Structures are given as structure tokens and as C-alpha cells.
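Structure, as C-alpha cells:
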Amino acid sequence: MNTPTKTAFQITPKADRASPAERASLLANPGFGRVFSEHMAVVTYTEGKGWHTPQILPRQPLTLDPAASVLHYAQEIFEGMKAYRAPNGEALLFRPDANARRFRHSAERMAMAQVPEELFLDAVTQLVALDKDWIPAADVGTLYIRPFMIATEAALGVKPAAEFKFLVIACAAGEYFSQDAGPVSVWVEERTVRASRGGTGEAKCGGNYAGSLTAQMEAKANGCHQVLFLDAIERKWIEEMGGMNIVMVFDDGTILTPPLEGTILRGITRDSLLTLARDKGLTVREEPYAIDQLYADAKSGRLKEAFACGTAAVVTPIGTLKSAEGTCVINNGKTGEITTALRKALCDIQYGRAEDTHGWVKQVS
Ligand SMILES: *Cc1c(COP(=O)(O)O)cnc(C)c1O
């Protein structure tokens, strides 16, 4: 095993930092993605030179050439992870190595420079250490961390860029969907698709999200909170939501989620929940599941529960599915027992309240 080498970030702390009272008022009801921490990490890549000038700076606007590739050809990838406040006040990260690895795979798919996993982890941990006070109390929420990379080379020729910036910013995140609001309603998108075989569906790139927004608008126009995408070829098989994976629970205690075959994002929450489900003795199947089968199983009662999962909202129960053809109700529109139990098991580990038997949690020192 290599001893991890700490990247020597040049740290420039913000001069006029928020007072504890100002911070407390901002963090009391943070919503999602509005209250940002005070610093950002920036590392530059230049072809021939590699990654250089690692810095942590006061959060500030970027200066970009208007011809920067990211602005024209969307060479951009990102990650989403969280810092949790443990009962003893320490900051915890959940499986940050999995985010670092996925970031490398996304970079590979989008022909971008590879950020070494140690550099990724150093940038995240050093930013969280400096902005630790911005992690909300455990009963309020978390600090959502957004590592991302953009192609900064000024060149309008279509080619992989020779210059990149890797950045990390962070924002406070309250409960993504209000707990009291109960299960969400989901629009089954039959018009547009999110990903196709051989496409970029497995990469966490901004373009995938841009392409999913019309479906999101359609969902909203139909009174739904979220979208469910189907496969691109047959428009039959369930794939995933716009930014979350989907899991079904059956009356025999079986858990089913679509398999990872290149069009579905490899969610770390998905993987963790499947592991916890197996720990609980549940049978986990990663198999294709047709939307018409879901409608039939919901009607017969064989399908007991369904939920969406991802870092931001953790586990979100699904109460209804709507499409142009009609409405389908799951579990009488109520949150299911297994959904609740899995959510609790995962959150207890993430917040340092339960024993971490899988070695998922890393304390930020
Ligand atoms: C990030 C993301 C997910 C969830 O991944 P997690 O690692 O669980 O946060 C699911 N689908 C898409 C499209 C995503 O971008």
C-alpha cells in the first residue's frame, strides 16, 4: 500500500469570515444549493505539465475566456457528496473514495484529464476541514460537496481540451424533499430519453442534466415532482430518474433495481442500499423491469414499495406514477416499511450513529 501523500494546497483564508451568529442564521433553514461555504478548492491542469497550483481560496467568480471549451462543447463533469456532523461534532465523509473513482471514469468518458484519486480526496478533505463550521447540525442537514472539472482551453476546434480546472465548492443542504410531505409523484417520460447504450448516461456530466430538463418541465406541468426515464430503444424498461436511481420492493421481501449496463448512473447510494438490504437478509435482484409489469404489480399488490435514491435526497419514497395513460398508486401512496428501514440504516451510518461495518465512513481530521 502506498502511503497517501498530502497535496500541499496553498490556502488563502477569507478575510471577513461570517460571525457565528450570521452563520447560524444562514444555516437554520438552508434549503438546497443556496447557502455556500466560504472557500473553494482550485487545481489547474496544463497538458505537458500535469496538475499544478493547488489552491484553496475565498469563494469567488471564475474568469474564463469566452472561447473556453466547456462553454461550447460541454466538456464538464461533476460529483455530489456530503459531509455529515457526527454526534461528537466531527465531520464525516461517506465513501469519498467511490466518488473519486467515479470522477475518474467520468473524465475518461468525456476525454478529460484524470484527477488522481489522492488529489481529489485531498481537495475535498482540506476544503471541508477549513469550512467545517458550515456543516449544519445533524437534525438540520449536511454540507453538500460539489467537485467538478471544466475544460478551460480557449479553442473553438472540436477536440479534447489541453487545459482544465478541477474545483470543489460546498453548500448547506437541508432535507432535499420535506420529510412531512410524504412520497413523491413521478412522471413516466415517454417522449424523451436520458441515455442510450454507448452514450454518456454512465458519466456524471452536466450535459446529461441539460438533456433531462424538458422532461422535468413536463413532469411539473403534470403535477409531478420527479421524472422516470425508460430505455431508449424499446421505451419499455425502467432506467432511472433524472438524478436518482430507482428501487422496487416486492411482497416477498425481494428488492429489484435495473442492472448497470451503461445507461444508468452507478449511484453510490444505490450500491450502499443494496449492500444494507443484503445485510438484512433481503434478496437483491439487479434485473430489467418493464414499466407495464410495474403497473400490473402495483395493481395486484405484489409491488409493495418503490423509492428513488441518491446522495442529495438519500431515499425518497414514490407514492404515484403518472403517464399520458393514467395514474398508478403504490402502497396506497404511503411510505413503505422497508423504504423507511433502509433509509434509517444508511443515515445512521452516514451520521456516525451506527457501527460502520463496511468501512464506508471517513473522519475529516
Ligand atoms: C448522481 C446521480 C445519481 C445518484 O448517485 P449517488 O452516487 O447515489 O449520489 C443517480 N442518477 C444520476 C443521473 C446521477 O447523476
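Source: prediction; values computed, not measured. We count residues from 1, following the sequence as given. Start at 1 and go down the list; that is how both ligands and their atoms are numbered.
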Could you tell me whether the side chain of Thr44 and the main chain of Thr53 form a donor-acceptor pair under 3.5 Å? no
Closest heavy-atom pair and its distance - Leu92, Tyr351: CD1-C, 3.8 Å
Pairwise side-chain hydrogen bond (donor to acceptor under 3.5 Å, both in side chains) hits with a residue in residues 73-88, at least two apart: Glu79-Asn99, Glu79-Arg102, Tyr84-Gln350
Taking Phe166 as the fixed residue, which of Phe120, Tyr45, Phe9, Phe148 is the one that meets the ring pair (Phe, Tyr, Trp, His ring centres under 6.0 Å) rule? Phe120
What side-chain hydrogen bond (donor to acceptor under 3.5 Å, both in side chains) pairs are there with at least one residue in residues 22-31, not counting sequence neighbours? Ser19-Glu22
List by chain and number: which residues place a heavy atom under 4.0 Å from ligand 1? Arg102, Arg194, Lys204, Tyr209, Glu240, Gly242, Gly243, Met244, Asn245, Leu265, Gly267, Ile268, Thr269, Gly310, Thr311
Here the side-chain hydrogen bond (donor to acceptor under 3.5 Å, both in side chains) pairs for residues 243-253, sequence neighbours left out, are Asp252-Thr254
